[in-house]
There are 2 protein chains.
Amino acid sequence: MVRKPTSKETARKPNMREAILAAAEELFATNGFNAVSVRDIAQAAGANPGSVTYHFKTKDGLLLEIYRRHCGPMNLRRSELLAAAKRVRDLQDRLEAIVRAYVVPAFTSGSDLAGGGARFTRLRAVMSAEGNEVARRIIAQTFDDTSHAFIDAIHESLPHIPRTEIVWRSHFLLGALYYSLVTPERVSRLSRGEADGSDAASAIEQLVQATVAAFQAPALDQTAPARRRTVASSKT
Amino acid sequence: MVRKPTSKETARKPNMREAILAAAEELFATNGFNAVSVRDIAQAAGANPGSVTYHFKTKDGLLLEIYRRHCGPMNLRRSELLAAAKRVRDLQDRLEAIVRAYVVPAFTSGSDLAGGGARFTRLRAVMSAEGNEVARRIIAQTFDDTSHAFIDAIHESLPHIPRTEIVWRSHFLLGALYYSLVTPERVSRLSRGEADGSDAASAIEQLVQATVAAFQAPALDQTAPARRRTVASSKT
DNA sequence: ATGTGATTTGTACTATCGTACAAAAGATCA
DNA sequence: TGATCTTTTGTACGATAGTACAAATCACAT
């Protein structure tokens, strides 16, 4: 079952540390934190279990390092794109540019490895779902600034919508984004093969289009004079 | 650490089976499948670990039973609401009714226990994120019919949008729905306390409002003659 | 080439996991 | 009450978890 590292993998650039990080990222992102053992990671990286302990001390430390590695570049890229988006004159175009600035880095790059951005975003989605403590701490102190910046920017281009609603809709955006990365095959299945859920370009365009429209929806709180409820809410 | 079952809990209605199911549901939904041990569940239910084995044979069997318990009522409720929604004349109102028929049962009821619907939906979100095999099988064969029914209904009220895009947007809806149940506190935090992410009624209204607008967005594939990209897509 | 610090390996320890199973306790009805 | 079936308890077993650590190996400056 264990695949011995071939010379091609270890001899040229014996950067075990990177290999372990990449393997852990992939495994955590697809199976969750607790379902993956240190031994699984070591095996996938062609390394020895002890090597993981040496480089990252603990399993939590390994997860922490994955976040450290990605958060910087992704947030940098996002703020660059956000700054550019804010310079767009037309308000409708600006909104789309802002949303795109939020979405695109989540799907692409961040680091050097191919598919790294999508994989890390999927990892965040899974850790968030599992209520992982390590992730929760990092998220709160690393991503909230970025989130606020985007919320503010969107709010500026949609001044008539209360900030609270912008928050809700941003939250929905992140949820949709996460879910698209978690189960892309569901899109393929439900569309009977007509759409490819794994195609990042499609996902981005569809998500941007849908989200921009969602943001532009009339406000619920103040603006609309209470649309009647078509269907009862609940009984519990 | 282990709390001995008081007479109030076990004596009156000694339905350990139910208690175990409820405890497992709660723990799985908040911590994921692998992070929770059978002993954790037993302890939370005031039962003996062996009792879990007796009633459900395996840990997977326990998860399976949770799904069995909820899927029927929830899908029944959804199809009832969907049937009612389809009778709405006005196309705009009908779309909203359909979306509501999809969203409301996910947040409320399903079973008798308070908050049961939301908890089960959150459980599904977490299992989906973890790529849980048991859940994946059940979902595909239980929820795909319902999903198709909703997609078709939405498609009928938005005939000018290609089905593929309806699928994408439905997928986003489910992602947003899931995420709202997974990390409601994020909404409260980002809105600086102005919104309560845990309030089901708010979540439903916000989600319905935003989603209806998303569905009504112009189609991307055929209709719009290729909007220019405001921001580059990637470099990887 | 050799010594030195960094890395990798191999292995072992303890804790906890899911599950099995026999014994105890409880319920049901003749 | 006693027999029978259901449920609960207590405990044990093998597997695997995370982590520690000494020995082996490697990279490289001198």
Side-chain angles (χ1 to χ4, degrees), chain A residues 1-25 27-28 30-66 127 130 132-135, chain B residues 1-25 27-28 30-66 127 130 132-135:
Chain A
M1 215 169 309
V2 182
R3 193 175 49 87
K4 271 296 171 62
T6 66
S7 61
K8 208 190 309 170
E9 287 162 339
T10 55
R12 182 166 299 279
K13 214 193 179 186
N15 207 335
M16 272 283 87
R17 200 185 134 92
E18 297 297 326
I20 292 168
L21 278 170
E25 210 175 297
L27 288 172
F28 286 158
T30 52
N31 300 105
F33 185 76
N34 294 283
V36 177
S37 71
V38 173
R39 286 168 177 84
D40 289 338
I41 296 165
Q43 176 176 328
N48 188 284
S51 210
V52 177
T53 308
Y54 171 72
H55 284 292
F56 307 100
K57 202 65 189 170
T58 67
K59 197 184 171 190
D60 276 358
L62 173 54
L63 181 62
L64 204 72
E65 180 58 24
I66 292 174
M127 294 304 115
E130 287 188 317
N132 185 284
E133 254 311 303
V134 177
Chain B
M1 214 170 308
V2 183
R3 192 176 48 87
K4 270 295 171 63
T6 66
S7 62
K8 206 190 311 168
E9 286 161 342
T10 54
R12 181 166 300 277
K13 212 192 181 187
N15 207 335
M16 273 282 87
R17 200 185 133 92
E18 296 298 325
I20 292 169
L21 278 170
E25 210 176 296
L27 289 172
F28 286 158
T30 52
N31 301 105
F33 185 76
N34 294 283
V36 178
S37 71
V38 172
R39 286 168 177 82
D40 290 337
I41 296 165
Q43 176 175 327
N48 188 286
S51 212
V52 177
T53 308
Y54 170 73
H55 284 290
F56 308 100
K57 200 64 187 173
T58 67
K59 196 183 173 190
D60 277 358
L62 173 54
L63 181 63
L64 204 72
E65 180 58 24
I66 292 173
M127 295 303 114
E130 287 188 318
N132 184 285
E133 255 310 304
V134 177

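Below, chain A is the first sequence line, B the second, and so on; all start at residue 1.
OP1 or OP2 of dT8(C) lies within a sub-4.0 Å distance of a side-chain N or O belonging to His55(A). Contact annotation: Asn48(A) reaches the phosphate of dG10(C) (side-chain N/O to OP1 or OP2, under 4.0 Å). In this model, the phosphate group of dT7(C) is approached by a side-chain N or O of Tyr54(A) to a distance below 4.0 Å at OP1 or OP2.
By the side-chain hydrogen bond (donor to acceptor under 3.5 Å, both in side chains) test, Ser37(B) pairs with Asp40(B), sequence neighbours left out. Scored by the side-chain hydrogen bond (donor to acceptor under 3.5 Å, both in side chains) test, Asn31(B) finds no partners at all (sequence neighbours excluded). Scanning for side chain to side chain contact (heavy atoms under 4.5 Å, CB included) contacts around Leu64(A) gives Val134(A), Ile138(A), with sequence neighbours left out. Scanning for side-chain hydrogen bond (donor to acceptor under 3.5 Å, both in side chains) contacts around Asp60(B) gives an empty result, with sequence neighbours left out.
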Side chains of residues 45-54 of chain A: which donor-acceptor partners sit under 3.5 Å, not counting sequence neighbours?
from, atom 1, to, atom 2, distance (Å)
Asn48(A), OD1, Gly50(A), N, 2.9

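Between Arg17(A) atom CZ and dT7(C) atom P there is a gap of 9 Å when expressed in whole angstrom units. For the pair Asn15(A) CG and dA6(C) C1', the computed distance is 13 Å after rounding to whole Å. Look at CD on Gln43(A): it is 13 Å from P on dT9(C), rounded to the nearest Å. Atom-to-atom, CD1 of Ile20(A) to P of dT7(C) comes out at 11 Å; the value is rounded to the nearest Å. Look at CD1 on Ile41(A): it is 10 Å from P on dT19(D), rounded to the nearest Å. The distance between atom CG of Leu27(A) and atom P of dG18(D), rounded to the nearest whole Å, is 12 Å. Atom pair Leu63(A):CG and dT19(D):P shows a separation of 12 Å (rounding to whole Å applied).
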Protein heavy-atom contacts under 4.0 Å, written 5' to 3' over nucleotides 15-22 of chain C as B (base), S (sugar-phosphate only) or - (none), form the string --BBBS--

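In this structure, Glu25(B) CD and Leu63(B) CG are separated by 10.0 Å, a value rounded to the nearest 0.5 Å.
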